[in-house]
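Shown next, in structure tokens, is the structure this report addresses.
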Amino acid sequence: MVVNERGFLRRLFKAVPALRGEWDRAQAVYVQNKSAGLRPLTPGSFLIGLGFGTVHSWAEGGAEAGDQLRALLAFLENEAADPETAEFVGRFVSCLPDPGERDSAVLELLGPRLRELKDEQVRREDESVSPAVVAFLRRLADEVPFLRQQVLEHFGEYRNPLGHVVVGGLVREVCDRYADGQVDLIRPLLAFLEREFEQDPDVDNVIAVSFVEMLPAPGQPGAGIEHALGPKLRAELNRQRAWRP
């Protein structure tokens, strides 16, 4: 369904006049940086930015920011009643923290329509999370001591752990440690990934895409780590390289 974005903006600025200044400032940033490839500001991207910015300002405790957020939420609550704009409003709601995450107390300010949108988004996210990947990350924390705190912090920050984020974030550190001669430290991780590979398709995707594919190419710093891989991971690396241009 096509949204009349200009009409939406007019109603937004009428309901929360201070946001017109936010829009003008965002437009000025675009004009100053468009030569560097910055994408044009749209009502949709502006709304997404508000989803992050207004919550952050509210969390800082300013009374003015709190009043502005409440006025914005009241406006969006009304807009969510219209099927033409409900999906558009959902872009803002999707940027709000999930239950249990930092600043999630803001969800208590949502009206019933906005809360229904958020609950539906959370439900869809829960359905998309692979239990096998969550269990894999828990085993990673248990079996690789030097990564335990890092993995547990991720569980604390995200209600739904993100396997690709966790594993992808390890590659640079592991390769640097290998290059520094800390082979014994990283060997338990490589052995763990070797055991886990080819046991579950969701876990395989995380390991293949966010670890093996991210390993440095021959000649790059840390590339020697490929010689420490087990046979399954080494075969996956060779398979990927055979397909790369």
Requested in this report: Spell out, as yes or no, whether a donor-acceptor pair under 3.5 Å connects the side chain of S94 to the backbone of R91.
Outcome: yes
Query - side chain to side chain contact (heavy atoms under 4.5 Å, CB included) assessment of I186 paired with I225 - result: CA-CA 10 Å; I186 67 170; I225 194 174; 4.0 Å; yes
Query raised in the report: Would you say the side-chain atoms of E77 pair up with the backbone N or O of L114, donor to acceptor, closer than 3.5 Å?
Result: yes
Query - Shortest non-hydrogen contact from F146 toward E173 - result: CE1-OE2, 3.8 Å
Query - Check against salt bridge (Lys or Arg N to Asp or Glu O under 4.0 Å), R113 and E79 - result: CA-CA 9 Å; R113 297 189 189 97; E79 293 288 320; over 6 Å; no
Query raised in the report: With distance as the sole criterion, is a donor-acceptor pair present between the side chains of D103 and H56 under 3.5 Å?
Result: no
Report summary line: Closest non-hydrogen atoms of V144 and P188, given as atom of the first, atom of the second and distance, are CG2-O, 4.2 Å
Query raised in the report: Does the K118 side chain pair with the main chain of L96, one donor and one acceptor, at a distance under 3.5 Å?
Result: yes
Query raised in the report: Less than 4.5 Å apart, any side-chain heavy atom of W58 and any of Q68?
Result: no
Query raised in the report: With no hydrogens and no angle check, is any side-chain donor or acceptor of R70 less than 3.5 Å from a backbone partner on G66?
Result: yes
Requested in this report: Quick one: closest heavy-atom pair of P218 and A223, and the distance?
Outcome: CA-CB, 4.0 Å
Query raised in the report: Does the side chain of S45 pick up a donor-acceptor pair with the side chain of T42 at under 3.5 Å?
Result: yes
Query raised in the report: Would you say L109 and L107 are hydrophobically clustered, going by side-chain heavy atoms of ILVMFWY under 4.5 Å?
Result: yes
**Report entry** Any donor-acceptor N/O pair, E87 side chain to A80 backbone, under 3.5 Å
**Finding:** no
Query raised in the report: Which heavy atom of I207 sits nearest a heavy atom of L193, and at what distance?
Result: CD1-O, 3.9 Å
Report task. Can you see which heavy atom on G51 is nearest to which on V55, and at what distance? Result -> O-CG2, 3.4 Å
**Report entry** Side-chain H-bond candidate by donor/acceptor type, Q240 with E236, under 3.5 Å
**Finding:** yes
Query raised in the report: Looking only at heavy atoms, what is the nearest atom pair of L9 and W23, with distance?
Result: CD1-CH2, 3.7 Å
Report task. Measure the CD-CG distance between E64 and L69 for me, rounded to the nearest 0.5 Å. Result -> 12.5 Å
**Report entry** salt bridge (Lys or Arg N to Asp or Glu O under 4.0 Å) between R172 and D176, worked out
**Finding:** CA-CA 6 Å; R172 178 65 180 272; D176 286 347; 3.3 Å; yes
Query raised in the report: Linking I/L/V/M/F/W/Y whenever any side-chain heavy atoms sit under 4.5 Å apart, do L215 and V183 land together?
Result: yes
**Report entry** Candidate pair E226 and R241, rule salt bridge (Lys or Arg N to Asp or Glu O under 4.0 Å), full reasoning
**Finding:** CA-CA 12 Å; E226 67 181 69; R241 286 180 176 172; 2.9 Å; yes
**Report entry** ILVMFWY cluster, M214 and Y178 together (side-chain gap under 4.5 Å)
**Finding:** yes
Query raised in the report: Under the 3.5 angstrom rule, does the side chain of D180 hit a backbone N or O of Q182 as a donor-acceptor pair?
Result: no
Report task. With salt bridge (Lys or Arg N to Asp or Glu O under 4.0 Å) as the test, would you mind laying out the steps for D24 and R20 before giving the verdict? Result -> CA-CA 6 Å; D24 291 341; R20 182 178 293 276; 5.7 Å; no
Query raised in the report: Roughly how far, to the nearest 0.5 Å, is CG of L190 from CZ of R195?
Result: 11.0 Å
Query raised in the report: For the residue pair F192 and F136, does the interplanar ring angle fall in the parallel (under 30°), tilted (30 to 60°) or perpendicular (over 60°) class?
Result: parallel
Query raised in the report: If two hydrophobic side chains count as joined below 4.5 Å and joins carry through other members, does I48 share a cluster with V122?
Result: no
Requested in this report: Evaluate side chain to side chain contact (heavy atoms under 4.5 Å, CB included) for R138 paired with V151, printing each intermediate quantity in order.
Outcome: CA-CA 8 Å; R138 293 191 185 281; V151 176; over 6 Å; no
Query raised in the report: What's the spacing between T85 OG1 and N4 CG if we round to 0.5 Å?
Result: 10.5 Å
Query raised in the report: Atom CG of L73 and atom CZ of R115: how far apart are they, to the nearest 0.5 Å?
Result: 12.0 Å
Query - F8/D82 under side chain to side chain contact (heavy atoms under 4.5 Å, CB included): CA gap, chis, key distance, verdict - result: CA-CA 12 Å; F8 180 90; D82 185 346; over 6 Å; no
Query raised in the report: When you measure from the side chain of D204 to the backbone N and O of F197, does any donor-acceptor pair fall under 3.5 Å?
Result: no
Query - Short side-chain to backbone donor-acceptor contact, S130 and V133, under 3.5 Å - result: yes
Query raised in the report: Should V171 and L147 be counted in the same cluster of Ile, Leu, Val, Met, Phe, Trp and Tyr side chains packed under 4.5 Å apart?
Result: yes
**Report entry** Nearest-0.5 Å distance that lies between atom CG in D142 and atom CG in L137
**Finding:** 11.0 Å
Query raised in the report: Could you walk me through whether E116 and E120 pass the side chain to side chain contact (heavy atoms under 4.5 Å, CB included) check?
Result: CA-CA 6 Å; E116 183 178 356; E120 175 61 19; 5.7 Å; no
Query raised in the report: How many angstroms lie between CZ in R25 and CG in L41, if you round to the nearest 0.5 Å?
Result: 12.5 Å
